[in-house]
Student: 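Take this structure, written in structure tokens, and hold onto it; I'll ask about it next.
Protein chains get the first letters and strands the later ones, always in sequence-line order, with residue 1 at the start of each.
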Amino acid sequence: MIDMTAQTILQHSFRIAKKDLTELFRNRLGLVLLIVMPLFMMVMVGFIYPSNGTISNLQVGLVNENSGYNSVFASQSFITGLNQINNQTHMLVITNVNSTAELKDMVQRGQLEGGIVIPSNFSQSILSGEQGTIIIVSDESNPQISATIQAALSGVFNAMGQQLAIHNVLPLNATNPLAVVQPYSIQTQGVVSGHPSYFDFIAPGIMAMTVMMSVMTGLPVAISQEKEIGTMDGMMVAPINRLSILLGKTIAQTARGLIQGCIILALAIGIFGVAIQGSILLVFALLLLGVFSFVGLGIVVTSFTKDQETAQMLMMTLMFPMMFLGGVFFPIQQMPWYMQDISKILPLTYASDALRKVMVLGSGISQISTDLIILIVFGVVMIAIALPVFKRMMTR
Amino acid sequence: MDNGNIIEVKNLTKMFGKFTAVDDISFDVKKGEIFGLLGPNGAGKSTTLRMLSTLSRPTKGTATVGGYDTVKNDTEVRKLIGIVSEKMIIYNRLTARENLWFFGSLFNIPKDTLTKRIDELLELVQLTKWKNAQVGTFSTGMRQRMNVVRALLNMPQVLFLDEPTLGLDPQSSVEIRDFIKKLNQEQGTTVIITTHMMVDADLLCDRIAIVDHGKIIALDTSTNLKKIISGGDTMIIKLEIANLTPDLIASVKALKCADAVTQENSTRLHLIVHGEEAFDNIIDAVREKNGKITTMENLQPSLEDVFLHITGHEVRDSADQKIPMQQGPGRRFGGAPRRVR
């Protein structure tokens, strides 16, 4: 009788894991991609995402139809103010355009991304005690840019309005004219010191995602690949427990995922200036827990796919909603309520949330206990479902 | 096992959905025998082998290997067997030694024993020189030798070989055949081999089961199988006609006495015929179309003839549906298509 104790199962699975990792390390291109993939992910997501103040060089047309009022040109001071502020922020690139019609045409051609029109009665309105109105011509095909132009202009108006008001209250001899004009000011204070960037937000998410996905996608692909080339039969006819094969593959994929996780961490700290506030041990423990919670799901997928191609396609289908709904790239709070509800059933949400709390906020175990419990329960339930399914698949 | 049978198969059936791949087959294999399963692609040979080697679960029926049931005692069966499948079970990115070490370690063989055995096996197939080279750099013949010795790591009592010479050049095929023969004679290993190569079956096997459409349609020694033809009134005829035309072939095929007609090259036909009048009928048919007979020879039946004779000559096997017939010089066409070589 062969000894089917836990020890033999473990021994066999370590041999299988070692074999898998040897193969992985001998695959040069695969190794390079292992490093390049997370690097791309960080760079792309980190730099492309439109965070505050990062929008720059918007092509904007300026139409000045203002005819003046009593030879006073109020539009002139507006344009000066706009230029002054733009010189500091470089949000806009301003082109002078002759008429509103021409401006609209240029937007339609795609030469401009939007426009500002100063109507002919601008000076008249202001000087006769009415509000001066400025018209923004926006490109409806790109709501984000139109919103940005509006934000930029409102910044300009704010500053201009403030300057005008300060000038108006000067005769009151106030110690701080600004306090009269704008009695309330806001100051933001974080839980930890420093100014976290967008990288601080995405680095934990990407780490959690990469590590967990590596198991979820890697496991089905690794197993279906061996089935396809036929080497799986070699392990199947050996007198070993089927669990060893599964466990061995999982260990290898976890190791691969953790290596990638470490690369992301190193990149985040070294290149993108991310600081880790909490315990690094807790970070790794969380990553392992994340893997654990995903193993069951990976096994279920493995059991249902016959070949590598299907496995990969199925993984892509599962991965995309997870990536975007798991709160990796965008905060969950900015999604509509029904999407938030979906994201609440994805384990990735909890893993990236916990990891973010530890890395950015320096939380300890007790502060992330809810996340931990959910991850453990999810993992246990999925594995309980997965094992019988897998056993049936192996003896088809 | 008291009766000398190391494998006993009873009413074994495997269905994939509604398709019956193996249809209620029963047979025994004696200890120390080389047993062949011969048949076209898709006949159910490989599926049978997979069920015997515990890789697939039978839909119905039972099989025992060394007295152990392949389903209930699969672990015991696995200790007794080795498999060489059509797809090579070796990892290209591991070296020859690493491959053998990995598979050997799954059998709980003590370290020093395993080391010794790996060296011996590599020596046996002349791969010692390459033991530290990655298998991916090997030629197909070398890889297949690796693949075969890999199956021998646990010194199996029963060796299952699924199309072991498929895709090999003639020299490598001979090497593999000789190796199997040697193993069988020296170690007493029982060998079950599936093949669609008549040569393999003829040269290697003590007994051959001819499989078609999931059923065993004949089971005997090669000599006895051939007697099915030579004992009756069936004859094998080689017919060379200088001006062979499709029209002429059609009229030969139309003859009542012709069981199977295959074209071997631009002038030669291979016929399986029956009846006393066969020679006359053929000559008449050829003459009628102004055919010029240069040779007409009565041949010893081969296993291929036996196969054609038993399976009949209408196109009905799955292999032909999978691989469309190629027309052209040197390709056979006619009543019995090229299902076997």
Student: Under a 3.5 Å distance rule, please check whether B:Arg78 uses its side chain to pair with a backbone N or O of A:Met236 as donor and acceptor.
Tutor: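 Confirmed, B:Arg78 side chain pairs with A:Met236 backbone.
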Student: Hey, is CZ on A:Phe378 packed in by over 12 heavy atoms from elsewhere, all under 6.0 Å?
Tutor: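 Yes, because the 6.0 Å sphere around CZ of A:Phe378 holds more than 12 heavy atoms from other groups.
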Student: Out of curiosity, A:Lys19 NZ to B:Leu106 CG, how far, rounded to the nearest 0.5 Å?
Tutor: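 These two atoms lie 9.5 Å from each other.
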Student: May I ask you to name which of A:Glu226, A:Lys18, A:Met232 has the most heavy-atom pairs under 4.5 Å with chain B?
Tutor: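 Between A:Glu226, A:Lys18, A:Met232, the count favours A:Glu226.
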Student: Identify, with sequence neighbours excluded, every residue that meets side chain to side chain contact (heavy atoms under 4.5 Å, CB included) alongside B:Thr195.
Tutor: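 For B:Thr195 the side chain to side chain contact (heavy atoms under 4.5 Å, CB included) partners, ignoring immediate neighbours, are B:Leu38, B:Glu163, B:Met197, B:Asp200, B:Ala201.
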Student: Any side-chain hydrogen bond (donor to acceptor under 3.5 Å, both in side chains) involving residues 254-267 of chain A? Give me the pairs, sequence neighbours left out, ordered by first then second residue.
Tutor: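 Every pair satisfying side-chain hydrogen bond (donor to acceptor under 3.5 Å, both in side chains) with a residue in residues 254-267 of chain A: A:Gln253-A:Arg256.
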Student: At a heavy-atom separation under 4.5 Å, does A:Met235 approach chain B through its side chain, its backbone, both, or neither?
Tutor: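 A:Met235 touches chain B through backbone and side-chain heavy atoms alike.
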Student: Could you tell me the separation between the OG1 atom of B:Thr75 and the CG atom of A:Asn241, rounded to the nearest 0.5 Å?
Tutor: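 It is 8.0 Å, given to the nearest 0.5 Å.
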Student: Write down the atom of B:Asn108, the atom of A:Thr8, and the distance for their closest heavy-atom approach.
Tutor: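 For B:Asn108 versus A:Thr8, the nearest heavy atoms are ND2-CG2, 4.0 Å.
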Student: Answer yes or no: does atom CH2 of B:Trp101 have more than 12 heavy-atom neighbours from other residues, nucleotides or ligands under 6.0 Å?
Tutor: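 More than 12 within 6.0 Å, yes.
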Student: Of all heavy-atom pairs between B:Ser53 and A:Val237, which one has the smallest distance, and what is that distance?
Tutor: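 Smallest heavy-atom distance, with atoms named: O-CG1, 3.7 Å.
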Student: Is A:Met313 atom CE crowded by more than 12 heavy atoms from other residues, nucleotides or ligands, each under 6.0 Å away?
Tutor: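 Check fails, neighbour count at 12 or below.
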Student: How far apart are the closest heavy atoms of B:Phe107 and A:Ala238, and which atoms are they?
Tutor: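 Scanning both residues completely, I find the closest heavy atoms to be CZ-CA, 3.9 Å.
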Student: Sort by residue number and list every residue of residues 85-99 of chain B having at least one heavy atom under 4.5 Å from chain A.
Tutor: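 Interface residues of residues 85-99 of chain B: B:Lys87, B:Met88, B:Ile89, B:Ile90, B:Tyr91, B:Arg93, B:Leu94, B:Thr95, B:Glu98.
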Student: Under the side chain to side chain contact (heavy atoms under 4.5 Å, CB included) rule, collect the residues that match up with A:Leu282, sequence neighbours excluded.
Tutor: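 Listed in chain order: A:Ser279, A:Val358, A:Ile365, A:Ile368.
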Student: Would you say A:Phe324 has more than 12 foreign heavy atoms packed within less than 6.0 Å of its CZ?
Tutor: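 Buried by this count: over 12 neighbours within 6.0 Å.
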